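What follows is one structure encoded as structure tokens, with my remarks underneath.
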Protein chains: 2
Amino acid sequence: MKKITIGEAARQSGVKVPTIRYYESIGLLAEPERSEGNQRSYEQSHLHRLAFIRHARELGFEIDAIRTLLTLQDDPHQSCASADAIAKARLIEVEQRIRSLTALKAELEMMVKGCGHGRVDQCRVIEVLADHGECMHPQH
Amino acid sequence: MKKITIGEAARQSGVKVPTIRYYESIGLLAEPERSEGNQRSYEQSHLHRLAFIRHARELGFEIDAIRTLLTLQDDPHQSCASADAIAKARLIEVEQRIRSLTALKAELEMMVKGCGHGRVDQCRVIEVLADHGECMHPQH
DNA sequence: TCTTGCACCTCTAGTCGCTAGAGGATGTAG
DNA sequence: CTACATCCTCTAGCGACTAGAGGTGCAAGA
């Protein structure tokens, strides 16, 4: 068993050093052994954990959701209904976010296209912002 | 000139009372007159400002970008190149965000569809999170 | 062996854009 | 005159980190 330093763990997992310490401080990652000089010394299991966390964060899961997913992973005989529910909830969030961003994109495109690159008083960008009535999506 | 209280301003602008005070504190909204009893008393100009800010926030512009846009609006003879640049930058951000969310959506759909609703050890949700190699988009 | 220099340690405070709550003053309707 | 809503200021909290200060550990070269 070669010891894995926090820097090495960061390199292998793609999670930054301070973030690893932060995850430990909030109880998301188990405290590793320490070297004689008080430096953290990780096992492979920690690296798996970090990879899991990182992937989940990239998918936009919140820390609390990840906490739940991790406890589920630790008890493989449990029903995966909760995991399923968490993922479904996240999926709905993502779909909603995409819809709203798509509307914003359309509005921004109008603004940018309408900009005559002249003076501010003829600028669609400023104008649309100032007068929401001109906006394509007054419901927002 | 009837006086507009902060509550009334909040109702008309759709910006919450504490948020209005917050905008004032960071210098985004000019300090209004005060009543004898030290209560804020707004003018129409403040309401226009608030509407502008709110719309810009809904479009996802950052406070600093809004600060710039507001100073541009105050000087209508200036070139609107900066406004154009800010809006374009925001558009690019939004497009990027939509692309990445669309990828996440696909991955989440795979996870949810693959979940057999049984035990955790057969669950795609947990499995995909744990093993990034199974992920559709290993580049993220 | 000494020293250089990077990586590590803890701790606090800052980021963004609000939001919540305490504790008190003001304004208005009945 | 008394409720009661609304207002005031101030501080602290949110999530998920990130930055920096001030100090220690450790491996490699001279």
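These numbers come from a predicted model, not from an experiment. Numbered from 1 within each chain, the chains take letters A, B, ... in sequence-line order.
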key: Options dT10(C), dT19(C), dG17(C), nucleotide nearest the side-chain atoms of R21(A)   = dT10(C)
remark   = Under a 4.0 Å heavy-atom criterion, DNA chain D is touched by chain A from dA16(D) to dA27(D)
Protein-nucleotide distance (I66(B), atom CD1; dC18(C), atom P), rounded to Å = 8 Å
ask   = In whole angstroms, how far is the P atom of dC18(C) from the OH atom of Y23(B)?
value = 4 Å
message = Base, sugar-phosphate or nothing for E36(A)? Non-hydrogen atoms, less than 4.0 Å.
response = nothing
key: Whole-Å distance separating the CD1 atom of I6(B) from the P atom of dG27(C)   = 15 Å
request  = Identify whether any heavy atom of R11(A) sits under 4.0 Å from a base atom; if not, whether one sits that close to sugar-phosphate; answer base, sugar-phosphate or nothing.
outcome  = nothing
note = Taking for F61(A) and for R40(B) the nucleotide of DNA chain D with the nearest heavy atom, the one nearer the 5' end belongs to R40(B)
task = Using a strict cut-off of less than 4.0 Å between a Lys/Arg side-chain nitrogen and an Asp/Glu carboxylate oxygen, indicate whether D74(A) and R49(A) qualify as a salt bridge.
result = yes
query = Can you check whether L129(A) reaches L59(B) side chain to side chain, under 4.5 Å on heavy atoms?
reply = yes
message = Please determine whether a side-chain nitrogen of the Lys or Arg among E58(A) and R54(A) lies less than 4.0 Å from a carboxylate oxygen of the Asp or Glu.
response = yes
inquiry  = I want to check one thing: is the phosphate of dC18(C), taken as OP1 and OP2, less than 4.0 Å away from some side-chain N or O of K16(B)?
reply    = no
ask   = Within a strict 4.5 Å, meaning less than it, do heavy atoms of the Q96(A) and E93(A) side chains meet?
value = no
key: Member of E24(B), E33(B), E31(B), H46(B) meeting the side-chain hydrogen bond (donor to acceptor under 3.5 Å, both in side chains) criterion with R40(B)   = E24(B)
note = Atom CD of E62(B) and atom C1' of dT15(C) are separated, to the nearest Å, by 11 Å
inquiry  = Nearest heavy atom decides the nucleotide; on that basis, is G37(B) or D64(B) closer to the 5' end of DNA chain C?
reply    = D64(B)
note = Here the distance between atom C1' of dG17(C) and atom CZ of R67(B), to the nearest Å, is 12 Å
task = Please report, rounded to the nearest Å, how far the P atom of dA7(C) is from the CD1 atom of I4(A).
result = 18 Å
query = Going by an N to O cut-off under 4.0 Å, is there a salt bridge joining E109(B) and K105(B)?
reply = yes
key: Phosphate OP1/OP2 of dC16(C) contacted by Y22(B) side-chain N/O (<4.0 Å)   = no
query = Can H48(A) and Q73(A) be counted as having a side-chain donor-acceptor contact under 3.5 angstrom?
reply = no
